[in-house]
Amino acid sequence: MRVGVVLPAAGCGERMNMPMPKQFYEINGRPLIAYTIDCFHKIQWIEHIVISTCMDHIDMLKDMASRFGFGKVSVIHGGLTRHQSIHLGLKSLQHICNNLDVVIVHDAVRPLVSSDVIQKVAEMAHLHGAAGVCRPLISTVIARNEDQKLVESLDRTRYVASEMPQGFQTSVISAAYDKCTSEDFDHGTECLLLAMKYVGVHGIILDGSPDLWKVTYKKDLYAAESVLRERMLRI
Ligand code: CTP
Ligand code: MG
């Protein structure tokens, strides 16, 4: 199985509200994204990793990749939305590595993903066309109308939170992006939905570990920082 990775890293972290995007926040002298890259780079069977980032950070990321010896990494200019950044990363990855069987997509701001989870997602994607991971919902999901009145409450036992990484047969994710409407491309965030809606592939959803959280708010950053520091002390 030939596998490549796309790491979208072109967001500006509005909800974090810090001077620099959260993926570049330094923990023990390394930007957060370096920990995420390392999770994939150390896996011998992963052929290449494309990072899509904003123009201002391309040179810095290239320098960082050479400083940390990330030889399997390319850095490209991402897009205005997450789907744009992933799609651009996918095209670049296909240009660099012909005939990959599986493409894994993972957010640059999820630095705690394990090799086991990456392997399971890649294998299930290879077998079934697409695969992702989930975690139980913490809160009940409700909907309200424009008058802020409650209109719906979902049964929490039927729903889960979609996390990352996700994996796809290369032909499935390429076709999903080729076929999807601009409405889904511009406003959606879920690659597995595009695979289901436009290619008819119902991704396998595996149970994910609690370590898969996305760094979104400052509290998430501090939690990731404390786990990463503790892991470094153990090495
Ligand atoms: N992302 C991207 N291109 C974009 C927007 C987001 O590559 N135009 C990436 C982010 O860099 C991040 C991942 O998608 O690695 C998950 O997105 P999110 O957590 O929403 O990050 P931000 O968009 O940076 O944060 P916010 O929504 O708070 O602005
Ligand atoms: Mg965002």
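First listed ligand is number 1; within each ligand, the first listed atom is number 1. All of these numbers come straight from a predicted model, not from anything done at the bench.
- Around the CG atom of L150, the shell of radius 6.0 Å holds more than 12 heavy atoms that belong to other residues, nucleotides or ligands.
- For atom 22 (P) of ligand 1, the closest non-hydrogen atom on the protein side is G13 N, 3.7 Å.
- Every heavy atom of G78 sits 4.0 Å or more from the atoms of ligand 1.
- Of the residues listed (M64, R30, K72), the one engaging I37 in a side-chain contact (heavy atoms from CB on, under 4.5 Å) is M64, and it is the only one.
- For atom 23 (O) of ligand 1, the closest non-hydrogen atom on the protein side is G11 CA, 3.9 Å.
- Counting heavy atoms from C-beta on, the side chains of V75 and H57 never come closer than 4.5 Å.
- Residue L80 has at least one heavy-atom neighbour below 4.0 Å for each of these atoms of ligand 1: 8 (N).
- Per-residue contacts place A108 under 4.0 angstrom from the following atoms of ligand 1 (heavy atoms of the residue considered): 15 (O).
- No side-chain heavy atom of L7 sits less than 4.5 Å from a side-chain heavy atom of S52.
- From the protein, the heavy atom lying nearest to atom 7 (O) of ligand 1 is A10 N, 2.8 Å.
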**Request:** For T36 and H106, run side-chain hydrogen bond (donor to acceptor under 3.5 Å, both in side chains): C-alpha distance rounded to whole Å, both residues' side-chain angles, the deciding distance at 0.1 Å, then the answer.
**Result:** CA-CA 9 Å; T36 314; H106 186 74; 5.7 Å; no

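- Considering backbone and side-chain atoms alike, V215 places every N or O at 3.5 Å or more from each N or O of ligand 1.
- At least one side-chain heavy atom of I76 sits under 4.5 Å from a side-chain heavy atom of V50.
- The shortest contact between atom 9 (C) of ligand 1 and any protein heavy atom is with P8 O, 3.6 Å.
- Selection from D107, N17, L7, D220 by nearest heavy atom to atom 16 (C) of ligand 1 gives D107.
- Considering only non-hydrogen protein atoms, atom 3 (N) of ligand 1 sits nearest to S85 OG, 2.7 Å.
- A salt bridge is absent between D220 and R15; no separation between the charged side-chain nitrogens and carboxylate oxygens falls under 4.0 Å.
- Under 4.0 angstrom from ligand 1, there are no non-hydrogen atoms of P21.
- Ranking protein heavy atoms by distance to atom 19 (O) of ligand 1, first place goes to K214 NZ, 2.7 Å.
- Near V109, the atoms of ligand 1 lying under 4.0 angstrom from a non-hydrogen atom of the residue are 12 (C), 15 (O).
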**Message:** What verdict does the side chain to side chain contact (heavy atoms under 4.5 Å, CB included) test give for F168 and V6, after you've listed the backbone C-alpha separation in whole Å, the side-chain angles of each residue and the deciding distance to 0.1 Å?
**Reply:** CA-CA 11 Å; F168 303 86; V6 174; over 6 Å; no

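- Ranked by closest heavy atom to atom 18 (P) of ligand 1, the top entry among R82, K22, E14 is K22.
- Annotation: R15 places an N or O atom under 3.5 Å from an N or O atom of ligand 1; distance criterion only.
- Each of the atoms 24 (O) of ligand 1 lies under 4.0 Å from some heavy atom of C12.
- Counting heavy atoms closer than 4.0 Å to ligand 1, residue Q84 contributes nothing at all.
- When each atom of ligand 1 is checked for a heavy atom of Q23 under 4.0 Å away, the hits are 11 (O).
- Shown in contact with T81 at under 4.0 Å from a heavy atom are these atoms of ligand 1, numbered in order with element: 3 (N), 4 (C), 8 (N).
- Taken to the nearest 0.5 Å, the NE2 atom of H77 stands 8.5 Å off from the CG atom of D56.
- A 4.5 Å side-chain heavy-atom check between S114 and Q119 finds every atom pair outside the cut-off.
- Linking Ile, Leu, Val, Met, Phe, Trp and Tyr residues whenever their side-chain heavy atoms come within less than 4.5 Å places I58 and V73 in a single cluster.
- Of all the heavy atoms of T216, none lies under 4.0 Å from any atom of ligand 1, so neither backbone nor side chain is involved.
- Across all their heavy atoms, Q23 and A108 have their closest contact at CB-CB, 4.4 Å.
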